[in-house]
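A short worksheet on the structure shown next.
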Amino acid sequence: MSRYNAKAVEAKWQKIWEERQAFRAETDPGKPKYYVLEMFPYPSGRIHMGHVRNYTLGDVVARYKRARGFNVLHPMGWDAFGLPAENAAQEKKVHPAAWTYDNIATMRGELQRMGLSLDWSREFATCHPGYYKYQQKLFLDLLKKGLAYRKESFVNWDPVDNTVLANEQVIDGRGWRSGAPVERRKLSQWFFRITAYADDLLAGLEELSRWPERVRLMQQNWIGKSEGARFSFALKDRQDRLEVYSTRPDTLYGASFVAIAADHPLAAEIAKGDAKLAAFIEECRKTGTAEAELEKAEKKGYRIPVEAIHPFDANWTLPVYVANFVLMEYGTGAIFGCPAHDQRDLDFARKYGLPVKAVVAPKGQTALEIGDEAFLETENTQAINSGFLDGMDVAGAKRAAIRKLEELGAGQGTVTFRLRDWGVSRQRYWGCPIPVIHCDACGIVPVPEKDLPVLLPDDVTFDKPGNPLDHHPTWKHVDCPQCGKAARRETDTCDTFVDSSWYFARFCSPRADLPMEKADVDYWLPVDQYIGGIEHAILHLLYSRFFTRAMRDTGHLSLKSGEPFAGLFTQGMVCHETYRAADGSWLQPAEVRRDGDRVVHARTGEPVTVGRTEKMSKSKKNVIDPGLIIDTYGADTARWFMLSDSPPERDMEWTEAGIEGAWRFTQRLWRLVSEPKGPIAAKSAPMPGEWPAAALDLRRALHKTIAALTQDLEQFHYNKAVARIHEFANLLEATKGDDAATAWARREALQTLAILIGPMVPHLAEEIWQALDGDGLLLEQPWPVADAELARDDTVTIAVQVSGKLRATIEVARDMDKTALEQLALANDNVQRAMEGKPVRKVIVVPNRIVNVVV
RNA sequence: GCCCGCUUGGCGGAAUUGGUAGACGCACAGGACUUAAAAUCCUGAGGCCGCAAGGCCGUGCCGGUUCGAGUCCGGCAGCGGGCACCA
C-alpha cells in the first residue's frame with residue numbers, strides 16, 4: 001500500500017461526514033444528551049493556534065461522548081461584534097460588516113479543514129439581525145424586570161478625539177490614538193443589575209464541582225463578599241448624618257478620623273464655598289484613571305469644617321477629611337479611620353498628626369504600643385480601651401458593637417459586595433443597538449417588540465471621531481411609540497460581552513423566532529463541557545452565569561440552578577520561541593533557520609538571538625499559521641501534536657520537531673495496517689482455540705490500553721492517552737507471529753485501535769477502519785469495553801527493599817500470599833548481601849507490590 | 001500588599017495517590033539498509049565510580065512524620081497567575 005496521503009484522505013472523509021450530516025444534533029428527550037461547547041471565536045481574520053488547540057480538545061470530547069452513546073450537541077458560531085471591525089473600517093476603508101463576514105468565511109473554511117465534528121447547521125454570527133433581534137428582546141425583558149436600568153457613571157473620555165474610550169483603549173492613562181491624558185466624564189449609561197444575584201452567584205460556585213478550583217476562587221474574590229456594619233455619625237452643628245461602612249466595627253473606640261470620597265455629596269457641598277477643596281477634588285479625579293500609579297500615590301486628605309460625633313460617646317468628636325483613597329463606588333463612600341489596626345489609616349494619621357490608640361491586643365495584654373506598623377491580628381486577641389467591648393475577641397466585639405449601634409438607631413450589620421453592576425453601554429457602531437427610545441414627554445420608552453430588530457444602519461461613516469450612530473443623519477430620529485411626538489433613539493450599543501452571555505442558549509434553537517425554544521434549552525442546557533482560555537475566568541463566565549439566571553427569571557428557560565456550564569475546562573496557551581535580528585527587530589519563525597547549534601537569519605545568515613518562549617502573538621511575530629500546517633501535514637497531525645506531551649491545562653510549546661514527530665507517528669499508525677508485521681485475520685475468521693504467548697500478550701495489552709485510555713479521556717489526560725497509543729503501537733510492531741491466533745489478535749487490536757484514536761485523529765481512524773474492511777463508518781462504532789479478566793497479568797514484579805532501599809526485584813505469580821513473598825525476598829542474593837548478616841527486625845509485605853526487610 | 005498555583009533528566013512530561021522515580025515522546029549518540037542522503041529499523045542513555053556484577057548520589061532548599069516520601073506536615077527560596085487605595 002502507498003504512503004498515507006493526509007490531504008486526500010482528510011478531504012474524502014470530510015465530504016462523507018458532510019453528506020451524511022453525521023454531526024447534526026436533534027432534541028430527543030428519549031436519549032441522554034451531552035452538550036460540548038468551546039468558546040466561540042472572534043472573527044479577526046484567520047484562525048490561530050489557540051483556536052486549533054481549543055477546538056481539538058473539544059472535538060475529542062464530542063467524538064468520545066458520541067461513541068459512548070450520547071446525543072451530542074457540538075455547535076459553532078461567531079462572536080462577531082467588536083471594536084477591531086471598526087478599526088479595520090477606519091484603516092482599510094471597508095465596512096465592518098463586510099470585513100467581519102469575509103473573516104468568517106475564511107475562518108469557517110479553516111475550521112472545516114480541521115475535521116471537527118460540528119453541527120454547522122446551527123451556525124450563527126452575533127452581528128446578524130437573526131441573533132441580535134433576540135438579544136434586544138432579552139434586553140426588553142430585563143428592563144421590564146428591573147434588571148436593566150440607567151444611571152450616571154464615569155467613562156474614559158479622550159478630550160482630543162472627543163470620544164469615549166474602552167478600557168483597553170486607555171494605555172498608561174492616555175488615549176491610544178490621540179495620546180492625550182484620559183479624563184473621567186459622567187455619562188448616563190445602561191447597567192445590568194448583576195448585584196441582585198451577588199449572593200446567588202457566590203453560592204452557586206459551591207455546586208460547580210467540575211470547574212477548576214482556581215476559577216471558582218477568582219470569581220469568589222471578584223464578587224468579594226464582606227460582612228460588617230453600616231452606620232451613621234451625627235454631625236456637630238448640622239442636621240444631616242454621615243453614613244459609613246466598616247468591616248471592623250469592633251475597633252470603633254480606636255477611631256480618630258472620618259474620611260469621605262472626593263465624589264461624595266458632602267464634599268461637593270463644602271466645595272461650593274471653598275475653592276481650595278474644589279481644586280483638591282479636581283486633582284483626585286485626575287489620578288482616578290491612572291490606576292497603575294495608585295500604589296505609589298500619596299494618601300492625601302483635605303480637612304473640612306465638619307465634626308463627627310462618636311456614636312458611643314456624645315462628647316467625643318472626630319475630624320472629617322475628604323481623602324483621595326476613599327472610593328465613592330464601594331460601601332457608602334465614607335469611612336471611619338482606625339489607625340492602630342489599619343495600615344493605610346495609620347499612614348494617614350501619622351501624616352496629619354492624628355491620635356493612634358490601640359483597641360485590640362494579643363490575648364492577656366491590656367496595652368499595646370503602635371509603631372510604624374498597624375496591628376492586624378484578629379485571632380487570639382482581646383479588645384482593650386474599648387469600654388463595654390473590653391476583653392472580647394474580634395468576632396464577639398463585632399457582634400456587640402453592631403448590637404449597640406442597632407440599639408442606638410445609628411445603623412445595622414450588613415453585607416457588602418465588591419461586585420458592581422455591569423455597565424453595558426458602549427458608544428460604538430459595531431454592536432447590538434439598545435432597543436430604547438428617549439422621548440422628552442414620556443421619558444425612556446422601550447421599542448415595541450413588533451418593531452424589533454432595531455437594525456444597524458448600513459450607511460455610516462467613520463471619518464469623524466465618536467459614535468457613528470450618533471452622527472448618522474436620520475437613524476436616531478424616530479417618533480415616540482407612546483405619544484407619537486418626535487423622539488430620539490438610544491445610540492448606545494451593547495458591550496460585546498452581552499452577545500457572548502447567552503449564545504450557548506441560542507445554539508439550542510438557533511432559528512427560533514424567539515430567543516430560545518423552551519423545550520430545546522431545557523433539554524440541552526446546561527452545557528456539559530465548556531472549554532476555553534483562562535483569560536475568561538471572570539468576566540465572560542460570570543456574565544453568562546448572571547444571564548442564565550436572568551433568563552430563568554424572565555421565563556425563557558427552566559434550569560433551576562441557573563448554572564450554564566456544568567463542566568469547565570481551561571486550556572493553556574500555545575507558545576513559541578521568539579527571535580530577534582541584530583537590530584532588535586522581531587523575526588518570524590519562517591525567517592530563521594538552525595545552523596548546527598546556532599540560529600541564523602534564513603536569508604542573510606546573520607546571527608539571530610533566540611528569546612524566551614512566549615504566547616504566540618502578532619507583536620512578537622512568533623506565530624505559526626495553522627492553515628499552513630494543515631496544508632503541509634494534515635489536520636490529524638496538527639491535532640495529534642496538540643494533544644501530545646503537554647497536559648491540556650498547561651501552556652505548550654509549538655516546535656518544528658514536535659509537529660514533525662507527530663507527522664511521523666501518524667505515518668507509522670498507517671503502516672501498522674498497510675505494512676503489518678504479520679497476517680491480519682479475515683473479518684469473519686473464527687476465534688482460534690490455541691493461544692500462543694505473543695497473541696495473549698497482545699490481547700492483554702489491548703484490554704489494558706482500552707481501560708487506561710478511557711480513563712485518560714474522561715479526565716482530559718490527553719497527553720497520557722497519546723503515550724498509551726504509542727506504547728500499544730510499539731507492541732503491535734513487535735508482535736511478529738504469523739499463526740492464526742496472532743493474526744486474529746492483530747485484527748482485533750487494529751480495529752480497536754482505530755476506534756480508540758478516532759476522537760483524536762478522526763480521518764486516519766476512518767481510513768484504517770476502511771482498510772480493515774470494517775462495517776459502516778468508524779464514527780458509528782461504539783466505544784470498546786475493557787475486559788478486566790483479559791487485562792489481568794499472571795505475574796507481577798515485586799520490589800524488594802532492605803531498610804527502605806531497593807535491592808532487588810522479583811517476578812512472582814500474581815496474588816502470591818505474604819509468607820511466600822517474604823520467603824522469596826529473603827532468599828534473594830542481593831537482599832542477603834545488603835542485610836550484611838544483621839537480624840531481621842521487621843518485614844513489611846504489600847502483596848503484588850513491595851517487600852521491605854527492615855534490619 | 002492580599003489570595004492562588006507551580007518547581008521531577010538536555011527538553012515536554014509520567015509515576016495506580018505513601019510502595020521499583022524518570023513511562024511515552026522530542027532532541028542526542030552508536031549501528032543496519034543506501035553509491036549517498038532522506039525515510040525506516042535496531043541499540044544506548046539521570047549523574048558519579050566500575051570491564052562487569054554492583055555501589056553511592058538524585059524529584060528547588062532546610063527540617064519533620066513513616067518500614068518506606070516526588071507524593072503528607074512545618075519553614076524558606078525561585079517562577080507564574082488573579083485581585084489590588086474594597087474601609
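None of the values given here were measured: they were computed from a predicted structure. Every chain is numbered from 1, with letters handed out A, B, ... down the list of sequences. Note that these values count all heavy atoms, side chains included, but never hydrogens, waters or copies made by symmetry.
Considering only side-chain N and O atoms, R650(A) lies nowhere under 4.0 angstrom from the phosphate OP1 or OP2 of U7(B). Neither OP1 nor OP2 of G18(B) sits under 4.0 Å from any side-chain N or O of R849(A). Checking the phosphate oxygens (OP1, OP2) of G54(B), no side-chain nitrogen or oxygen of R807(A) falls inside 4.0 Å. The shortest distance between the side-chain N/O atoms of R344(A) and the OP1/OP2 oxygens of C86(B) is below 4.0 Å. For Y330(A) and A87(B), the shortest distance from a side-chain N or O to OP1 or OP2 is below 4.0 Å. Applying the 4.0 Å criterion to OP1 and OP2 of G12(B), one finds that N719(A) has every side-chain N and O outside that range. In this model, the phosphate group of A15(B) is approached by a side-chain N or O of K720(A) to a distance below 4.0 Å at OP1 or OP2.
Ring geometry for F231(A) versus F233(A): interplanar angle of 30 to 60°, hence tilted.
Rounded to whole Å, the distance from CG on N730(A) to C1' on C41(B) is 13 Å. Atom-to-atom, CD of Q715(A) to P of U16(B) comes out at 11 Å; the value is rounded to the nearest Å. Here A87(B) presents its C1' atom at 14 Å from CD of E243(A), a figure rounded to the nearest Å. F641(A) has its CZ atom 11 Å from the P atom of G13(B), to the nearest Å. Atom CG of D347(A) and atom P of G1(B) are 14 Å apart (whole Å). Whole-Å rounding puts the I725(A) CD1 to G13(B) P distance at 21 Å.
Residue contacts shown for D345(A) are absent, as no nucleic acid heavy atom lies under 4.0 Å away. In this structure, V853(A) reaches neither bases nor backbone, as no heavy-atom distance under 4.0 Å exists between it and the strands shown. Within 4.0 Å of S646(A), counting heavy atoms only, lie sugar-phosphate atoms of the nucleic acid but no base atom. Looking at heavy-atom distances under 4.0 Å, E727(A) makes contact with sugar-phosphate atoms alone, never a base. Using a 4.0 Å heavy-atom criterion, one finds that R671(A) contacts the sugar-phosphate atoms exclusively. Residue R216(A) is classed as having no contact, given no heavy-atom separation below 4.0 Å to the nucleic acid. Using a 4.0 Å heavy-atom cutoff across all strands shown, T416(A) reaches no nucleic acid atom at all.
Rounded to whole Å, the separation between the P atoms of G44(B) and G25(B) comes to 13 Å. U17(B) and G63(B) have their P atoms separated by 30 Å, with the value rounded to a whole Å. Only the C1' atoms considered, U65(B) is 37 Å distant from G50(B), to the nearest whole Å. Going from the C1' atom of C24(B) to that of A15(B) covers 12 Å, rounded to whole Å. Nucleotides G22(B) and A77(B), compared at atom P, are 33 Å apart to the nearest Å. Rounded to whole Å, the separation between the P atoms of G82(B) and G30(B) comes to 46 Å.
In this structure G82(B) sits in the anti conformation; its chi angle is more than 90° from 0. Anti is the glycosidic conformation of U7(B), whose angle departs from 0 by more than 90°.
Side chain K299(A) to base C85(B): a donor-acceptor pair is found below 3.5 Å.
The neighbour count for Q715(A) CD, taken as heavy atoms of other residues, nucleotides or ligands under 6.0 Å away, is above 12. Other residues, nucleotides and ligands contribute at most 12 non-hydrogen atoms within 6.0 Å of the CZ atom of R399(A). In K7(A), the NZ atom is not crowded: 12 or fewer heavy atoms of neighbouring residues, nucleotides or ligands sit closer than 6.0 Å.
Residues I194(A) and L201(A) meet the side-chain proximity criterion, which asks for heavy atoms closer than 4.5 Å.
Between Y4(A) and the options F665(A), W670(A), Y633(A), W663(A), a ring-ring contact (aromatic ring centres under 6.0 Å, His included) holds for only W670(A).
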Residues Y352(A), F257(A); criterion ring-ring contact (aromatic ring centres under 6.0 Å, His included); working and verdict: CA-CA 10 Å; Y352(A) 293 101; F257(A) 66 94; 8.6 Å; no

